[in-house]
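Here is the structure we will look at.
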Amino acid sequence: MASATAATAASISHRSPLCKSVDKPSPAFSKPTLKPLHKTLSFTLTHKIRSTTAAKNPISDVISSSESYPDEEDLVFDNDDKPREECGVVGIYGDPEASRLCYLALHALQHRGQEGAGIVTATAEGVLKSVTGVGLVSEVFNQSKLDQLPGDNAIGHVRYSTAGQSMLKNVQPFVAGYRFGRVGVAHNGNLVNYQTLRAELEENGSIFGTSSDTEVVLHLIAISKQRPFFLRIVEACEKLKGAYSMVFITEDKLVAVRDPFGFRPLVMGKRSNGAIVFASETCALDLIEAKYEREVNPGEVLIVDKDGIQSLCLMPHPEPKSCIFEHIYFSLPNSVVFGKSVYDSRRQFGEILATESPVDCDVVIAVPDSGVVAAIGYANKAGVPFQQGLIRSHYVGRTFIEPSQRIRDFGVKLKLSPVRAVLEGKRVVVVDDSIVRGTTSSKIVRLLKEAGAKEVHMRIASPPIIASCYYGVDTPSPEELISNRMSVEEIREFIGADSLAFLEIDSLKKMLKGDSKNFCYACFSGDYPVIPSGIVKRVGDFVDDGLNGSIGSIDGGWLQGSKENKGEDLDVNYEEQVPV
């Protein structure tokens with residue numbers, strides 16, 4: 001039987017439409033207008049000119065939330081001006097405490113999504129049980145909720161959304177029925193051909209309950225004629241383009257799959273009792289005492305059931321293009337991602353900055369938390385003390401009510417507090433992981449100078465971001481990205497720093513050595529490994545989040561393809577949760 005199914009899988013794999021090299025750009029797609037990067041990435045202050053250029057949210061003028069606040073002008077939204085990872089996934093097979101272990105693993109992945117969380121388990125009777133909710137993992141789950149999730153197998157998901165309400169109906173894992181049973185799925189990534197696939201499915205009679213690209217996968221599984229079940233997943237994934245690291249659960253199986261380019265991470269581990277664990281990062285394995293085994297390879301499908309683990313090659317995959325921002329910002333420093341220590345990568349980023357963009361200074365500080373390791377690397381290489389010049393509050397929520405007497409830079413001051421004893425009278429190097437719009441960076445520089453810093457020199461542990469990501473990362477449109485609109489010197493003037501330097505992309509690739517060709521640098525270059533088609537989510541799941549209007553009316557948040565694909569209205573009414 002195993003050989004027969006393997007042969008069937010092989011036949012499916014060879015007829016895959018994605019087996020060929022990366023598709024050529026379609027005529028409807030054009031790169032964003034990108035400013036050429038200046039060769040010199042370090043500048044020194046010669047005169048103070050405050051730029052009046054300000055970023056503008058392309059969504060805000062087009063759509064509005066269905067919920068309003070009586071004193072909306074007093075609300076300050078917690079926006080740290082960083083790219084956002086869309087989500088994190090977990091899968092556990094063969095542990096009697098699967099739901100509790102899944103709950104703990106999701107805690108470890110909380111940094112990948114704070115807006116919603118969910119767990120699906122398979123009971124001994126083969127029934128899929130689901131609990132999902134809006135909020136942090138600790139807010140969604142308690143003892144009674146976990147008691148509702150019996151079984152030895154489980155999958156889990158944490159979600160990040162970018163605007164409006166985080167509606168319960170869009171919180172994963174999704175559960176759906178098809179003629180041979182039920183299946184649950186949790187997805188990390190973004191499908192760049194979602195709109196095309198959805199249009200084809202709707203034309204053939206499919207009815208959608210959400211506007212999530214993940215639901216497309218369930219429909220493709222349901223209409224597949226392949227047997228056994230995992231071959232339905234193989235056939236469905238062959239039609240997908242873009243980034244996807246997914247875990248599926250049925251009444252007796254757990255399946256993990258990663259896209260052929262390996263954009264998003266997915267690792268496998270094993271507990272001492274033999275239970276198999278999948279997770280977006282190794283930090284989740286560490287918390288539940290699962291030993292790291294290996295990555296799920298790009299283009300690989302892993303099927304776990306009572307007979308053990310079976311590995312299939314989804315399709316002959318091209319050169320991997322893993323997301324470099326996992327090492328720059330998204331992943332925790334204690335994780336091993338794409339086979340490399342995140343901590344070591346960030347420390348080396350800082351060392352390179354100290355070597356290539358030195359400046360006379362008295363102290364090195366970080367913008368916490370993501371800039372800390374790079375700042376340590378910079379300080380060690382420069383021979384300058386590293387100190388905590390900014391203290392981050394970990395107890396702030398998503399919105400705040402500002403007092404009637406306006407406080408300048410209120411949102412940043414809620415999160416970051418300067419330490420005057422470290423800063424006063426000092427020449428300060430402040431290390432951050434990236435600059436997106438530049439608004440937060442300007443407030444941080446002002447905060448440091450108001451606390452007595454004599455000079456503020458900003459060092460950024462990544463190249464300038466000049467293009468949007470379409471592979472599961474929430475980034476603004478190119479027009480909002482400050483490095484796409486301004487030179488490095490203009491950015492320095494805008495943020496008010498005494499000097500500014502970015503990590504050069506050639507230095508980044510040199511540090512990665514032979515692995516450099518296996519990473520995606522689209523946000524730094526505008527060269528996309530997989531060209532989007534139709535309309536593609538660009539700034540996250542805002543359509544999913546309770547906002548009104550059709551997809552066609554939200555041009556600011558979507559990449560527009562051909563005119564034939566424009567203006568499809570996907571608004572539907574449906575229940576908040578799929579019954580299980």
Side-chain angles (χ1 to χ4, degrees), residues 77-80 82 84-92 95-121 129-151 153-162 164-175 184 186-188 247 249 269 271 275 277-290 329-335 368-370 391-400 414-415 474 540-541 544-546 576-577 580:
F77 288 86
D78 172 23
N79 177 9
D80 59 3
K82 296 293 182 186
R84 294 281 193 172
E85 173 59 65
E86 290 285 339
C87 50
V89 299
V90 176
I92 297 174
D95 197 293
E97 291 196 295
S99 63
R100 283 163 174 76
L101 292 174
C102 195
Y103 160 78
L104 292 173
L106 292 177
H107 262 298
L109 298 177
Q110 188 76 85
H111 59 286
R112 300 184 76 90
Q114 299 88 46
E115 299 297 332
I119 294 175
V120 173
T121 60
K129 297 284 189 178
S130 172
V131 173
T132 60
V134 174
L136 301 176
V137 175
S138 59
E139 295 168 341
V140 174
F141 296 100
N142 54 33
Q143 186 67 47
S144 65
K145 291 286 181 66
L146 293 173
D147 288 341
Q148 299 172 30
L149 296 168
N153 309 330
I155 61 172
H157 187 270
V158 287
R159 175 179 183 268
Y160 170 71
S161 65
T162 60
Q165 306 170 66
S166 292
M167 300 297 286
L168 182 59
K169 65 200 174 193
N170 300 297
V171 178
Q172 297 185 36
F174 290 155
V175 179
H187 171 208
N188 177 23
V247 286
I249 189 171
R271 283 174 49 81
V277 181
F278 297 100
S280 294
E281 291 183 40
T282 59
C283 61
L285 305 183
D286 296 338
L287 180 58
I288 62 173
E289 297 182 331
Y329 175 69
F330 297 137
S331 299
L332 288 184
N334 56 313
S335 285
D369 294 313
S370 54
I391 305 299
R392 184 184 185 96
S393 171
H394 294 275
Y395 308 103
V396 292
R398 295 291 295 171
T399 61
F400 316 96
L414 277 171
K415 287 181 110 178
D474 166 31
D541 288 349
D544 292 356
D545 293 328
E576 286 191 331
Q577 274 189 302
V580 296

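Numbers here are sequence positions counted from 1. Keep in mind that this is a model prediction, so the values were computed, not measured.
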Compare every heavy atom of [Y] with every heavy atom of [X], then report the nearest pair and how far apart it is.
X	Y	value
Val158	Ala117	CG1-CB, 4.2 Å
Val90	Val247	O-CG2, 3.6 Å
Ala284	Ala279	CB-CB, 3.8 Å
Thr282	Asn334	OG1-O, 4.1 Å
Leu149	Lys129	CD2-O, 3.5 Å
Ser280	Arg112	CB-NE, 3.8 Å

Between atom [atom1] of [X] and atom [atom2] of [Y], what is the distance when rounded to the nearest 0.5 Å?
X	Y	atom1	atom2	result
Ile288	Glu97	CD1	CD	11.0 Å
Tyr103	Asn142	OH	CG	8.5 Å
His394	Lys415	NE2	NZ	10.0 Å
Tyr329	His111	OH	NE2	10.0 Å
Phe141	Leu136	CZ	CG	12.0 Å

Query - Val89 and Phe278, any side-chain heavy atoms less than 4.5 Å apart - result: no
**Report entry** Residue list, side-chain contact (heavy atoms from CB on, under 4.5 Å) with Ala98, at least two apart or on another chain
**Finding:** Ile92, Ala154
Query - Gln110 CD: over 12 foreign heavy atoms closer than 6.0 Å - result: yes
Query raised in the report: More than 12 foreign heavy atoms under 6.0 Å from CD of Glu139: is that the case here?
Result: yes
Okay, side chain of [X], backbone of [Y]: is any donor-acceptor separation there less than 3.5 Å?
X	Y	answer
Glu289	Asp286	no
Glu281	Leu332	yes
His157	His187	yes
Thr121	Gly151	no

Report task. Any chance you could lay out the side chain to side chain contact (heavy atoms under 4.5 Å, CB included) test for Leu101 and Arg271, step after step, and finish with the verdict? Result -> CA-CA 11 Å; Leu101 292 174; Arg271 283 174 49 81; 3.5 Å; yes
Requested in this report: Show the numbers, then the answer: is there a side chain to side chain contact (heavy atoms under 4.5 Å, CB included) between Ile119 and Lys145?
Outcome: CA-CA 10 Å; Ile119 294 175; Lys145 291 286 181 66; over 6 Å; no
Report task. Evaluate side chain to side chain contact (heavy atoms under 4.5 Å, CB included) for Ile155 paired with Val120, printing each intermediate quantity in order. Result -> CA-CA 5 Å; Ile155 61 172; Val120 173; 4.1 Å; yes
Query raised in the report: Does the pair Cys283 and Leu109 meet the rule for a side chain to side chain contact (heavy atoms under 4.5 Å, CB included), with working shown?
Result: CA-CA 8 Å; Cys283 61; Leu109 298 177; 4.1 Å; yes
